[in-house]
Amino acid sequence: MSKNDELRSKSAEDLNKELLELRRAQFGLRMQLATQSLTKNSEIERLRRQIARVHTFITLKAKEGAK
């Protein structure tokens, strides 16, 4: 199952929880970057894309609910 399929099958509440977890992980990576202890800079970009993906599905769920 791809990332998109997993997100598509989640409810809006689950997507919001996922978004919160990703934001916390992003904060942790930013702190590692600030203290120069981050070893994989690509993790920041990967998380940004995942956050955008979750936002997309939250928007789709909201539009479906409005119909």
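Values below: all heavy atoms of this structure, side chains included; hydrogens, waters and symmetry mates excluded.
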Measuring from atom [atom1] of [X] to atom [atom2] of [Y], what distance do you get when rounded to the nearest 0.5 angstrom?
X: K3; Y: D5; atom1: NZ; atom2: CG; result: 12.5 Å
X: D14; Y: L19; atom1: CG; atom2: CG; result: 12.5 Å
X: F27; Y: R23; atom1: CZ; atom2: CZ; result: 12.5 Å
X: E18; Y: R53; atom1: CD; atom2: CZ; result: 10.5 Å
X: R8; Y: T56; atom1: CZ; atom2: OG1; result: 10.5 Å

**OP:** State plainly whether the residues R46 and E43 are in salt-bridge range, i.e. N to O under 4.0 Å.
**Re:**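 Yes.
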Original post:
Can we say E21 and K17 salt-bridge, meaning some charged N sits less than 4.0 Å from an Asp/Glu carboxylate O?
Top reply: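 No, E21 and K17 are not salt-bridged.
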Hydrophobic cluster membership, with links at side-chain heavy-atom distances under 4.5 Å among I/L/V/M/F/W/Y: are [X] and [Y] in one?
X: I51; Y: M31; answer: no
X: L20; Y: L22; answer: no
X: L33; Y: L29; answer: yes

Subject >> Check: K61 side chain, K10 main-chain N or O, donor-acceptor pair, under 3.5 Å >> reply: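 Indeed, once roles are kept as given, a pair shorter than 3.5 Å links the two residues.
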Subject >> Whether over 12 other heavy atoms sit under 6.0 Å from E45 CD >> reply: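 Check passes, neighbour count above 12.
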Original post:
Of the non-hydrogen atoms in F57 and L7, which two are nearest, and what is the gap between them?
Top reply: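 Taking every non-hydrogen atom into account, CD1-CB, 3.7 Å.
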**OP:** Please list, chain by chain and in numerical order, all residues satisfying side chain to side chain donor-acceptor pair (under 3.5 Å) with R30, sequence neighbours excluded.
**Re:**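 For R30, no residue satisfies side chain to side chain donor-acceptor pair (under 3.5 Å) once neighbours in sequence are set aside.
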